[in-house]
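One structure is given here, and the rest of the page talks about it.
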Amino acid sequence: MSRILIIANLNCDHILRLSRPLSSGARIHYEDLGHRIGGGATNTGLGLVWAGHQVALLSQVGNDKLGDWLLDEARQLGLNCDQVHRLVGPTQPLQLLMEPDGERTILRPNRPRLLLPQRLDWQATDALYVNLSAEHLPNLMTDALASTLVVAQLPKDLAVRPSHYLITSQDDLAQHGVEPSFEWAQSIAGPSLRAFIVTAGADGACAYLPGTSLQQSAVPATVVDSTGAGDCYAAGLIHGLLSQGELSQAMAEAARWAAFAVSAESSIPPQALHSYLASA
């Protein structure tokens, strides 16, 4: 069992299922599927809890009934919420627009940046996962590198993310007009970078290493809902690195976790992943 800290959003997702894909100027019917817990904190943390790890969240929610509900749900899932801050004001849900093929568009409200502590006890943490932007974040991540496995998602603004493993999707990277390479990723992750991993859905994933690359096939799956697949992939990678050590094995495990994630209509990992881990 490893101790893992996740710095990511704890969200309430409001799900609207669309009758057809989004297009400019269109009139589209929708079905309101209600609210559910989500966000990178839950999408990453739950599978790691099921895998037997101790998972703590560093995030924030509003000081209202919806924030209370989110914290109750997260705690019931086995996530330690002692470091989740309460903001003055309401918790603002995300709007998830689900297309018939499982792809989604996320409408995200503007909200204050998470304020982080100046220091954390990294000797008590085996792995850190980061998937948001916050004050003091690069300094905290740099402090963690010496004793803690650090995995991060590539930020939308391409800000510095000192880490051992940097992850993004092919679609997200294409928005920046960047050709993936280990050297480019080092400009974001710094000299401690071990691999830059770019996922490509059904085409698998590629890890860019110094002077070489490693290709991993995807696990076949019928895409029902792609929400949280990237975070679930990261969770599988972290579990694989902590339990197996080899990057190729960790990427294969991550691919299995992601396949479970896209195969279910859920903002968080499905019970099928729980069953897989229980039988492993």
If a pair satisfies side-chain hydrogen bond (donor to acceptor under 3.5 Å, both in side chains) and one of its residues is in [range], list it, with sequence neighbours excluded.
| range | answer |
| --- | --- |
| residues 69-87 | Asp68-Arg86 |
| residues 93-102 | His14-Gln95 |
| residues 131-142 | Gln118-His136, Asn131-Asp231, Ser133-Arg161 |

Cluster companions of [X] among Ile, Leu, Val, Met, Phe, Trp, Tyr (side-chain spacing under 4.5 Å):
| X | value |
| --- | --- |
| Leu120 | Leu5, Ile7, Leu58, Leu114, Leu116, Trp122, Leu128, Val130, Leu132, Leu137, Leu140, Met141, Leu145, Val150 |
| Leu115 | none |
| Val88 | none |

Quick one, [X] and [Y] - any side-chain contact, counting heavy atoms below 4.5 Å?
| X | Y | value |
| --- | --- | --- |
| Cys232 | Asn43 | no |
| Tyr30 | Leu97 | no |
| Tyr129 | Leu237 | no |
| Pro21 | Pro100 | yes |

What is the minimum heavy-atom distance between [X] and [Y], and which atoms define it?
| X | Y | value |
| --- | --- | --- |
| Ala127 | Leu242 | CB-CD1, 4.1 Å |
| Ala229 | Ala261 | CA-CB, 4.1 Å |
| Asn11 | Gly39 | ND2-CA, 3.4 Å |
| Ala41 | Ala8 | N-CB, 3.5 Å |
| Ser263 | Ala259 | OG-O, 2.6 Å |
| Leu71 | Cys81 | CD2-CB, 4.0 Å |

Say you draw a straight line from [atom1] of [X] to [atom2] of [Y]; how long is it, rounded to the nearest 0.5 Å?
| X | Y | atom1 | atom2 | value |
| --- | --- | --- | --- | --- |
| Leu70 | His35 | CG | NE2 | 10.0 Å |
| His239 | Trp50 | NE2 | CH2 | 13.5 Å |
| Thr44 | Ile6 | OG1 | CD1 | 5.0 Å |
| Asp64 | Thr91 | CG | OG1 | 3.5 Å |
| Thr105 | Leu22 | OG1 | CG | 4.5 Å |
| Thr125 | Gln54 | OG1 | CD | 10.5 Å |

Write out all pairs satisfying salt bridge (charged side-chain N to carboxylate O under 4.0 Å, His left out) with one or both partners inside [range], taking only residues at least two apart or from two chains.
| range | answer |
| --- | --- |
| residues 207-216 | none |
| residues 114-134 | Arg3-Asp126, Arg119-Asp143 |
| residues 165-190 | Lys156-Asp172 |

Is the backbone of [Y] close enough, under 3.5 Å, to the side chain of [X] for a donor and an acceptor to pair up by distance?
| X | Y | value |
| --- | --- | --- |
| Ser59 | Leu10 | yes |
| Gln60 | Pro112 | yes |
| Asp157 | Ala159 | yes |

[X], [Y]: one ILVMFWY side-chain cluster at the under-4.5 Å cut-off?
| X | Y | result |
| --- | --- | --- |
| Leu247 | Val151 | yes |
| Val55 | Ile268 | yes |
| Leu48 | Phe260 | yes |
| Met98 | Ile28 | no |
| Val178 | Ile188 | yes |

Kindly determine whether Leu94 and Leu107 satisfy side-chain contact (heavy atoms from CB on, under 4.5 Å), including the steps that lead there. CA-CA 6 Å; Leu94 273 69; Leu107 304 182; over 6 Å; no
Can I get a per-line list of side-chain donor-acceptor pairs under 3.5 Å for residues 270-280, giving both atom names and the distance, sequence neighbours left out?
from: Gln271; atom 1: OE1; to: His274; atom 2: ND1; distance (Å): 3.3
from: Ser275; atom 1: OG; to: Gln271; atom 2: O; distance (Å): 3.2
from: Tyr276; atom 1: OH; to: Glu253; atom 2: OE1; distance (Å): 2.9
from: Tyr276; atom 1: OH; to: Glu253; atom 2: OE2; distance (Å): 3.3
from: Tyr276; atom 1: OH; to: Arg256; atom 2: NE; distance (Å): 3.0
from: Ser279; atom 1: OG; to: Ser275; atom 2: O; distance (Å): 3.2
from: Ser279; atom 1: OG; to: Tyr276; atom 2: O; distance (Å): 2.9

Please list, one pair per line, the donor and acceptor atoms closer than 3.5 Å that link side chains of residues 192-221 to other protein atoms, with sequence neighbours excluded.
from: Thr199; atom 1: OG1; to: Thr168; atom 2: O; distance (Å): 3.4
from: Gln215; atom 1: NE2; to: Ala205; atom 2: O; distance (Å): 3.2

By side-chain hydrogen bond (donor to acceptor under 3.5 Å, both in side chains), which residues pair with Asn63, not counting sequence neighbours?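 Scan of Asn63 (side-chain hydrogen bond (donor to acceptor under 3.5 Å, both in side chains), adjacent residues dropped) gives none.
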side-chain contact (heavy atoms from CB on, under 4.5 Å) between Leu77 and Val49, worked out: CA-CA 8 Å; Leu77 293 172; Val49 168; over 6 Å; no
